[in-house]
There are 2 protein chains.
Amino acid sequence: MGKNKPSIPKGTRDFGPEEMSKRNYIFDTIKEVYALYGFQQIETPAMEKLQTLMGKYGDEGDKLLFKILNSGDYLKGINDSELQERNPLRLQTKLCEKGLRYDLTVPFARYVVMHREELQLPFKRYQIQPVWRADRPQKGRYREFYQCDADVVGSDSLLNEVELMQIVDTVFQRLGIRVLIKINNRKILTGIAEVIGEADKIVDITVAMDKLDKIGIDLVNEELRSNGIAEEAIEKLQPIIKMQGSNDEKLEVISNVLKTSETGMKGVEEMRFILDTLKNIGLNSEMDLDLTLARGLNYYTGAIFEVKALDTEIGSITGGGRYDNLTGIFGMPGLSGVGISFGADRIYDVLNTLDLYPKEAISATQLLFINFGEKETDYCLPIVAKSRAANIRTEVYPDKVKMKKQMSYADAKKIAYVALAGDNEIAQGKITLKNMVTGEQKLVTADEMIAIVAG
Amino acid sequence: MGKNKPSIPKGTRDFGPEEMSKRNYIFDTIKEVYALYGFQQIETPAMEKLQTLMGKYGDEGDKLLFKILNSGDYLKGINDSELQERNPLRLQTKLCEKGLRYDLTVPFARYVVMHREELQLPFKRYQIQPVWRADRPQKGRYREFYQCDADVVGSDSLLNEVELMQIVDTVFQRLGIRVLIKINNRKILTGIAEVIGEADKIVDITVAMDKLDKIGIDLVNEELRSNGIAEEAIEKLQPIIKMQGSNDEKLEVISNVLKTSETGMKGVEEMRFILDTLKNIGLNSEMDLDLTLARGLNYYTGAIFEVKALDTEIGSITGGGRYDNLTGIFGMPGLSGVGISFGADRIYDVLNTLDLYPKEAISATQLLFINFGEKETDYCLPIVAKSRAANIRTEVYPDKVKMKKQMSYADAKKIAYVALAGDNEIAQGKITLKNMVTGEQKLVTADEMIAIVAG
């Protein structure tokens, strides 16, 4: 081996059989729930034209896009002086016309515009695909990772927000993760900025408030001050930041504060509708109106939500919100939408930490036939076929090797039952079935074997 | 819109909801069968290091790899004279150190070598992921497409070949596609080249024989002649090319022809074992020993197989074979394997042509609640929740718009049932359920509705 030893690009991962089973369990659960609510799956290509991607994620995002070198003579259209200038940013648009998708939202917007003639609005789509970002790799941050999004576009109804909360609730109930769903509304935040007399500072205010959980009230206030928010405004903000009580109590207080802000009152009304409707339906998870929740404010225009696991410290495991004008960047204005995104990698970690994977979800082969040689295998193969026809995941050890090696294969793959057939079993038309957990052995017919293994 | 109108890179595709349902039906069927035989799923990153990929697919393959421009100042390590030389091939290895995977086999080999300490051999893995090739796009050929591979490595046993044939048989039986499985053996081809005295021309001979179906016997012979195969050898080849009869009859003839070739007789023996064992187990599909089947000869060393759909003309829809030394290129010699690859795009076309998709596989939402306004929706939402709890895929139309628009939404999404609740229904605590196929309407309770829709 030595210097030949292969490796993978930094920030990328291989997923082995056990990881894949666990990931599939998560994705399948989410997919089933999405489908239960009428969302339909789409997939878009990994590569998009750079003109589709550039300028959509800010300057930093443009840098973090993976760009694909043009095929053939990619230097053809570049003259000598351009080459000698050595400007990586300017040259890359000549060297590359494609890039890897950076998220699922921009490709979805592009999809909606390209397929608008054939789409039935409101369009409820979900999409589970990898995205790529040339971020500096670090613990828990990868250059290739899956996103798991659902969006409804073409409907302003708040029932969509309600449904997304139900989806969150159902997914985490099925996964066995207890969660708190935090909810806020961009319009309420706008209203707050208005009534404290700092309407133009809304971004600074919400960015600071968003940090309350992490840095505490004193540092939040310091940040507000350093952003030039008036002392009087900061004073007015304190009861809002510190607000306690039930959601109804908070709504009561905030609607008094926001009385003079039309936008703010619209936000209160939206919030009330969502929370009341959810109460009528009945959720398992608790909803928490959190006025310090902001999440990429410049993007969201209405409801904003975020989900936290209750039994482990890990930050947000799902988030989303209402946005306007998804497709405006592609020349199709006026389409509002609301979406949600499950953080698969973090959910994976939560399930591991809390040991919540059901055994069935990660069990592979159920039954292994030991290989004693050609004659014995000839006897076994029709029984094996029968076992598989009964939907039992069955293997035959392919090589006639030492019993010990075959048994340790069964152990390593956590196979629950092993079947053995030698002269004695063949003479009786039966097989010996060994339970690998209890060690118990039994001489049984093929049908009995199937009944036992199928449980 | 106009010039803003977005598009996707040539040779790539969007998959909409219906296409996704159909593709998922195919992939899920294959996955279930792979699992039934003890194969476990893995996934590898889309990006591999170029040193992993380069030189593995020939000069042409190197050109067709999509290469990813290095992040940051990608020109840093390139001096002026190298730049001015404008040699695209030489420069690209400096501009790019990563590429998109070209197939699933090389990443699998890399995976096996990297993870050899933790792998239990024989290792039965399957992998269903997209691959990328900068081929000239044409009908039915894409720059991004899914491969769907299963391989066993670390076992020389022919039982693996047998199992792969069973997998093919089971998958196509479940999909309802009648197929013919063609099988050959590289050792038999080697033996034939030996006994006709043209051992060093084996590649030319098999490449020509492989074309028999497409170009006919006369042009095959012409190609052999133009490759310098002796007239006498071509003469000897005729009965082999034209061979007819049952597999047993063909094996009888060929084993007489190959008597003097040790390698050839080994191939005959392997073929006999595989065919006899499959007969013992009992397949649905017919196996056809086809001595003109070659498939990428330089790669395969034992059994070679290919699957053809019987009821439509489309070429090969699945193929595979036995190879030696999968991981030798990465410094880990001596690992033999046998694999199979389902052609998802072609299977998709076959199922479309023969109209074989089961309705359940492509049906999405089962039940739509019409939106008459807030009061009515409040009444419906708990019933909707109940319906979903019974695993019925249910939607509420989110906006209170004209009935006609809501009904055409149901039509477009092929939703089988529509639920309506106005004052009358609310007063009675019931709903009106409309069957969208028959047009029949019924006043029912929530439980009755669930029973009807669940079928």
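Proteins come first, then strands; the chains are lettered A, B, ... in the order of their sequence lines, and each starts at number 1. Only heavy atoms go into these numbers, but all of them, side chains included; no hydrogens, no water, no symmetry mates.
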Next on the checklist: Just so I understand: if I count every heavy-atom pair under 4.5 Å between each of A:Ser71, A:Ala364, A:Ala134, A:Ala35 and chain B, which residue has the most?
Outcome noted: A:Ala35

Checklist entry - Using a cut-off of under 4.5 Å for heavy-atom pairs, which of B:Gly72, B:Ser387, B:Ser408, B:Pro45 has the most such pairs with chain A? => result B:Pro45

Checklist entry - Is there a donor-acceptor pair closer than 3.5 Å between any side-chain N or O of A:Ser157 and the backbone N or O of B:Pro398? => result yes

Checklist outcome for this item: Ranked by heavy-atom pairs below 4.5 Å to chain B, first place among A:Arg23, A:Gln366, A:Glu374 goes to A:Glu374

Next on the checklist: Has B:Asn280 got a side-chain atom pairing as donor or acceptor with A:Asp378's backbone, closer than 3.5 angstrom?
Outcome noted: yes

Checklist outcome for this item: Most heavy-atom pairs under 4.5 Å with chain A, out of B:Asn391, B:Thr52, B:Asn24, belong to B:Asn391

Next on the checklist: One pair to check against side chain to side chain contact (heavy atoms under 4.5 Å, CB included): B:Leu36 and A:Thr394. What are the steps and the verdict?
Outcome noted: CA-CA 6 Å; B:Leu36 202 53; A:Thr394 311; 5.9 Å; no

Next on the checklist: Once rounded to the nearest 0.5 Å, what's the spacing between atom CZ of A:Arg143 and atom NZ of B:Lys98?
Outcome noted: 6.0 Å

Next on the checklist: Given 3.5 Å as the limit, does a donor-acceptor pair link the side chain of B:Lys413 with the main chain of A:Gly38, or not?
Outcome noted: yes

Item to check | Contacting moiety of A:Asp276, where chain B heavy atoms sit under 4.5 Å | outcome: neither

Checklist entry - For A:Ala109, is it the side chain, the backbone, both or neither that has a heavy atom under 4.5 Å from a heavy atom of chain B? => result neither

Next on the checklist: Looking at every heavy atom in both B:Gln120 and A:Ala412, which two are closest together, and how far apart are they?
Outcome noted: OE1-CB, 3.2 Å

Checklist entry - For the atom pair CG (A:Leu75) and CG (B:Leu83), what is the distance rounded to the nearest 0.5 Å? => result 8.0 Å

Next on the checklist: For the interface with chain A, which of B:Tyr37, B:Tyr111, B:Phe15 has the highest count of heavy-atom pairs at distances below 4.5 Å?
Outcome noted: B:Tyr37

Item to check | Main-chain N/O of A:Gln92 paired with B:Tyr74 side-chain donor or acceptor, under 3.5 Å | outcome: yes

Checklist outcome for this item: Residues B:Ile8 and A:Lys49: closest non-hydrogen pair is O-CE, 3.8 Å

Next on the checklist: So which atom in B:Phe123 and which in A:Pro17 form the shortest heavy-atom distance, rounded to 0.1 Å?
Outcome noted: CE1-CG, 4.0 Å

Checklist outcome for this item: So, the part of B:Leu69 with a heavy atom under 4.5 Å from chain A: the answer is both

Checklist outcome for this item: Ranked by heavy-atom pairs below 4.5 Å to chain A, first place among B:Lys400, B:Lys386, B:Lys124, B:Gln166 goes to B:Lys124

Checklist outcome for this item: When the 4.5 angstrom heavy-atom criterion is applied to B:Phe273 and chain A, the contacting part is side chain

Checklist entry - Quick one: do A:Arg388 and B:Glu163 make a salt bridge, cutoff under 4.0 Å? => result yes

Item to check | Contact origin within B:Pro130 toward chain A - heavy atom pairs under 4.5 Å | outcome: neither

Next on the checklist: For chain A, which candidate among B:Glu32, B:Gln84, B:Lys63, B:Lys76 shows the most heavy-atom pairs at distances under 4.5 Å?
Outcome noted: B:Gln84

Checklist entry - Can you name the residues that form a ring pair (Phe, Tyr, Trp, His ring centres under 6.0 Å) with A:Tyr146, not counting sequence neighbours? => result A:Phe27

Checklist entry - Once you round to the nearest 0.5 Å, how far does CD of B:Glu18 lie from CD of A:Gln41? => result 14.0 Å

Checklist outcome for this item: Looking only at heavy atoms, the pair that brings B:Met47 and A:Thr12 closest together is CE-CG2, 4.0 Å

Item to check | Proximity breakdown for B:Leu91 and chain A, heavy-atom pairs closer than 4.5 Å | outcome: both

Item to check | Interatomic spacing from CD1 in B:Ile68 to CG in A:Leu100 - rounded to 0.5 Å | outcome: 5.0 Å

Next on the checklist: At a 4.5 Å cut-off on heavy atoms, which part of A:Thr277 comes close to chain B: side chain, backbone, both, or neither?
Outcome noted: side chain

Checklist entry - Does B:Met20 offer a backbone N or O that forms a donor-acceptor pair with the side chain of A:Glu43 under 3.5 Å? => result no

Checklist entry - Is B:Arg86 salt-bridged to A:Asp80, cutoff N-O under 4.0 Å? => result yes

Checklist entry - Given a strict heavy-atom distance threshold of 4.5 Å, which part of A:Thr365 is in contact with chain B: side chain, backbone, both, or neither? => result side chain

